[in-house]
2 protein chains.
Amino acid sequence: MPKIVDHAARRREIVEVAWSVIAERGLEAAVMRDLARECGFANGALSHYFPTKGDLLRAAWEHVFERTNERIANSTVGLRGVDALVQFCKQVFPMTLTAQAEAKVVLNFWQRALSHPDLAEVNDKAMTTWRAFIRQCLEEAQTDGVVTTSAEFDIEVAVEELLAMLMGAQMLAVLTPDAHPPQLQERMITTALQRHVRTQDTAVN
Amino acid sequence: MPKIVDHAARRREIVEVAWSVIAERGLEAAVMRDLARECGFANGALSHYFPTKGDLLRAAWEHVFERTNERIANSTVGLRGVDALVQFCKQVFPMTLTAQAEAKVVLNFWQRALSHPDLAEVNDKAMTTWRAFIRQCLEEAQTDGVVTTSAEFDIEVAVEELLAMLMGAQMLAVLTPDAHPPQLQERMITTALQRHVRTQDTAVN
């Protein structure tokens, strides 16, 4: 009986290997020959799945966002508004060892995206999705009367502030870990989201 | 008369060249031979100023922070509290073409700092300085009665939120420039700082 190879599963396996090599040793270390060996392939067999190193790196970069988005989807089942946003922040903030390894991969790719438009596109698409997600949650919270609808509340700024904070945390958590521990990140999430909740309205009205 | 060479000025000149090569073409492009040529040196003469590429890169990385810190110092003369903090944010946020070029250099170095402890140290030192600066401004504002001193105000979180937002903006402004323009950054600064100003206390008391 011929050996059945699940092409998609194999691709995913290669991407996982590439991903962990990048997290541990950086993008320079992601050499096709070494990756093939780590996957148990003969030299050159990788190209059946990823014709060029560029293809593999793009897939590895997409994989980071896919993993995060899977965690977001799983943790927000049945939630909306601020509750969904809390879970979103917890998945994007580098609070766990896995998310910290992802943050290292992220720093590698941000740098490379500066000179590789296809990688910049992956990042841009993810940022667009996350901006839309945050905005939708805030709008749901407004609909539910949890977040203010006052004219002073600038939802575009609220979205961008939260996104920028989450992105900055990718660097701070891996390059200044002692000053940016998970417990502090927890308090940052609570503070950032609680402030939008309508206590001010109540005080003023 | 022998030619007088100002060693410090020459070093600075080399660092400026390295800096702009990195901003335009990335760290990979910062090859000693090419940098020597761009500085008008004979091949090898660079080593008189920087024995290794590592020395030059460290100096270029420190230079980014020095430039930013000079701008901060100049723009905050005679200011304290929230006013000083507004100026600080305006210098760190990538709002100008220069600051956007710096942000590209920053993304290059964050990646490299993951595997080069001496570069991580430069970053760590700058982050420590900036955390202290933000905290001092907030404490001055508290002393002046501008920012709340209520037990609910978590100054450590306020510092880290602002720093994370400023660091995340380095990436968002260069990799997603259309969605993160200077006008939006202006509104982010206003919103982030205005919220600490004591209107809530007034409403409650």
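Quick note on labels: first sequence line is chain A, next is B, and so on, each numbered from 1.
- For A:Leu175, the parts lying under 4.5 angstrom from a heavy atom of chain B are both the backbone and the side chain.
- Side-chain contact check for B:Glu28 and A:Gln111: at least one donor-acceptor pair (N or O, by modelled atom type) lies under 3.5 Å.
- In this structure, chain B has no heavy atom under 4.5 Å from any part of A:Ser115.
- Ranked by heavy-atom pairs under 4.5 Å with chain B, the first of A:Met127, A:Arg112, A:Glu152 is A:Met127.
- When all heavy atoms are compared, the tightest approach of A:Ala169 to B:Ala164 is N-CB, 4.2 Å.
- Between B:Thr176 and A:Arg131, the closest side-chain pair of non-hydrogen atoms falls below 4.5 Å.
- For the pair B:Leu162/A:Met165, no side-chain contact is recorded, criterion being any heavy-atom separation below 4.5 Å from C-beta on.
- If you tally non-hydrogen atom pairs under 4.5 Å between each of A:Leu27, A:Leu107, A:Val174 and chain B, the highest count goes to A:Leu107.
- In this structure, B:Lys53 places its NZ atom where more than 12 heavy-atom neighbours from other residues, nucleotides or ligands lie under 6.0 Å away.
- Residue with the most contacts toward chain B among A:Asp124, A:Leu172, A:Thr190: A:Leu172 (heavy-atom pairs, distance under 4.5 Å).
- With chain B as the partner, the residue from A:His180, A:Gln170, A:Glu160 showing the most heavy-atom pairs under 4.5 Å is A:Glu160.
- Only the side chain of A:Asp154 comes within contact range of chain B, with at least one heavy atom under 4.5 Å from a heavy atom of that chain.
- Both the backbone and the side chain of A:Met188 have a heavy atom closer than 4.5 Å to some heavy atom of chain B.
- Top candidate by heavy-atom pairs under 4.5 Å with chain B, chosen from A:Arg25, A:Met167, A:Glu161, is A:Glu161.
- Contact check for A:Asn123 versus B:Met171: side-chain heavy atoms found under the 4.5 Å cut-off.
- The pair B:Glu156-A:Arg187 meets the salt-bridge criterion, with a side-chain N (NZ, NE, NH1 or NH2) lying under 4.0 Å from an Asp/Glu carboxylate O.
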